[in-house]
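Working notes, beginning with the structure itself.
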Amino acid sequence: MDKDHLARTAKALVAEGRGIFAADESGGTIAKRFAAIGVGSTEETRRDYRELLFRSKDALRQYISGVILFDETIRQSASDGAPLVKLIEAAGAIPGIKVDLGARPLPNFPGETITEGLDGLHDRLMNYYGLGARFAKWRAVIDINQDTGVPTEYAVEANARALARYAAHCQDANLAPIVEPEVLMDGDHDIERCAEVTEFVLNRVFAALYEARVFLEGMALKPNMVVAGKKCARRAPPEQVAEATLRVLRRTVPIAVPGVAFLSGGQSDVEATANLDAINRIRGPWALTFSYGRALQTSALKCWAGKPENVKAAQAAFTHRARMNALASQGRWTEKQEEAA
Ligand code: 13P
């Protein structure tokens with residue numbers, strides 16, 4: 001383990017005014033996103049779409065620190081033959097890789113999952129490093145369901161342990177781990193319940209990281225924000241989300257961790273930006289930025305609609321969202337800038 005190298009990578013991922021672009025949708029997820037815009041999912045359409053995003057040079061050059069790739073993408077070449085990883089590097093961003101193999105049902109615990117992918121992880125990480133990846137991501141999924149008593153302590157603990165083993169393996173291979181315990185916002189729970197569950201989950205995750213001897217300075221945390229469930233009638237404004245999120249983070253995340261890069265988790269584009277901005281108007285001892293998938297891509301995907309003549313407009317839409325979130329990561333976003341698109 002090269003601690004200096006890991007700490008440098010982790011720091012660069014959360015550098016001032018930049019955030020992470022999650023472009024690591026699995027085959028099933030990207031097919032769903034393409035179906036919504038009437039585009040078939042083939043190796044070529046997936047390549048074309050990701051190539052257009054990675055060639056949005058201003059976005060990557062100015063606002064994006066790192067790009068999380070899926071296994072297929074890290075091995076793919078652009079239409080002119082240049083490896084996609086090289087496009088990312090040329091724009092000054094760091095290539096990363098999703099290494100979990102997805103969340104599967106946890107036996108005996110209905111409605112809960114365990115993320116798989118630890119077997120053979122060491123060899124896969126060595127291979128990814130050779131392909132240019134300098135950081136990795138593993139996502140654990142925790143649902144909230146008041147009626148069924150989910151999440152259970154057992155499921156949270158099992159996922160925390162897997163995250164810790166993954167993180168230790170990454171550091172052993174000199175890849176900075178992004179540790180992502182996602183508390184879903186699908187339910188009808190209120191913001192207080194989300195805060196309670198997120199605090200419990202992060203506590204267990206950091207206890208597991210400690211026991212696994214993970215080097216905290218050489219990782220980044222990718223949590224959910226503390227928000228009300230999508231089906232909850234009582235919506236929480238950005239100021240409330242920011243206060244609740246920071247309260248939970250202060251109670252659970254050691255300041256040795258250089259940065260926190262939130263997932264968007266199903267928030268709308270502007271909601272994800274407004275909440276990140278409110279969080280950075282309060283601030284904390286860590287860098288607080290974005291690691292968005294959907295909230296960076298939805299508008300670009302719609303603009304593109306699979307048509308080559310729309311590539312420029314889609315790139316402009318992507319760059320705009322990256323810029324808005326970069327401003328939000330500094331607490332400098334305003335609705336006026338949003339409308340100037
Ligand atoms: P969303 O921002 O769409 O939640 O995606 C982030 C991510 O990487 C989920 O694993």
Side-chain angles (χ1 to χ4, degrees), residues 13-14 19-34 36 49-50 53 59 63-74 93-104 113-117 133 135-144 159 162-163 166-167 170 176-187 194 198 201 205 219-227 229-230 241 245 259-276 279 288-302 318 321-322 324-326 328-329:
L13 287 172
V14 296
I20 301 168
F21 169 30
D24 60 330
E25 298 82 5
S26 63
T29 304
I30 196 78
K32 234 190 322 182
R33 306 260 193 274
F34 279 9
Y49 173 60
R50 282 161 173 157
L53 296 174
Y63 312 119
I64 303 290
S65 55
V67 183
I68 315 174
L69 303 168
F70 188 60
D71 181 78
E72 175 186 80
T73 321
I74 200 170
I94 308 171
I97 181 79
K98 181 234 277 303
V99 301
D100 68 70
L101 299 178
R104 306 282 164 86
T113 60
I114 179 74
T115 301
E116 296 188 344
F135 73 103
K137 177 194 115 171
W138 177 291
R139 173 176 175 255
V141 185
I142 307 293
D143 200 5
I144 299 180
N159 275 290
L163 272 169
Y166 139 81
C170 284
I178 302 234
V179 173
E180 180 181 7
E182 174 172 6
V183 177
L184 297 176
M185 57 179 288
D186 293 341
C194 179
T198 305
V201 168
V205 166
M219 61 161 277
L221 178 70
K222 175 165 175 166
N224 52 287
M225 292 178 189
V226 174
V227 295
K230 270 190 219 152
V241 168
T245 302
V260 174
F262 296 98
L263 57 93
S264 62
Q267 300 179 46
S268 75
D269 291 3
V270 175
E271 212 180 343
T273 305
N275 285 338
L276 180 64
I279 286 170
L288 296 158
T289 188
F290 59 92
S291 176
Y292 291 165
R294 282 164 284 180
L296 274 174
Q297 295 182 62
T298 310
S299 53
L301 194 57
K302 259 195 220 145
F318 178 63
R321 281 272 46 92
M324 292 301 104
N325 286 307
S329 73

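For the numbers below, each heavy atom of this structure counts, side chains included, while hydrogens, waters and symmetry mates do not. Order of appearance sets the numbers: ligands from 1, and atoms from 1 within every ligand.
Residues that satisfy the side chain to side chain donor-acceptor pair (under 3.5 Å) test with Tyr49, not counting sequence neighbours, are Gln297. Checked against side chain to side chain contact (heavy atoms under 4.5 Å, CB included), Asp100 has the following partners two or more places apart in sequence or in another chain: Lys98, Thr115, Trp138, Arg139. Looking at residues two or more places apart in sequence or on another chain, you find a side chain to side chain contact (heavy atoms under 4.5 Å, CB included) between Lys230 and Met185, Asp186.
For the atom pair CG of Asn325 and OH of Tyr63, the computed distance is 11.5 Å after rounding to the nearest 0.5 Å. To the nearest 0.5 Å, atoms OG (Ser65) and CG (Leu13) are separated by 5.0 Å.
With contacts defined as side-chain heavy-atom distances shorter than 4.5 Å, the pair Phe262/Thr245 qualifies.
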Check each N or O atom of ligand 1 against all protein N or O atoms and list the pairs under 3.5 Å, with atom names and distances to 0.1 Å, one per line.
residue: ligand 1; atom: 2 (O); partner: Ser264; partner atom: N; Å: 2.9
residue: ligand 1; atom: 2 (O); partner: Ser264; partner atom: OG; Å: 2.5
residue: ligand 1; atom: 2 (O); partner: Gly293; partner atom: N; Å: 2.8
residue: ligand 1; atom: 3 (O); partner: Arg294; partner atom: N; Å: 2.8
residue: ligand 1; atom: 3 (O); partner: Arg294; partner atom: NE; Å: 2.8
residue: ligand 1; atom: 4 (O); partner: Gly265; partner atom: N; Å: 2.7
residue: ligand 1; atom: 4 (O); partner: Arg294; partner atom: NH2; Å: 3.1
residue: ligand 1; atom: 8 (O); partner: Lys137; partner atom: NZ; Å: 2.7
residue: ligand 1; atom: 8 (O); partner: Lys222; partner atom: NZ; Å: 2.6
residue: ligand 1; atom: 10 (O); partner: Lys137; partner atom: NZ; Å: 2.5
residue: ligand 1; atom: 10 (O); partner: Glu180; partner atom: OE1; Å: 3.1
residue: ligand 1; atom: 10 (O); partner: Glu180; partner atom: OE2; Å: 3.0

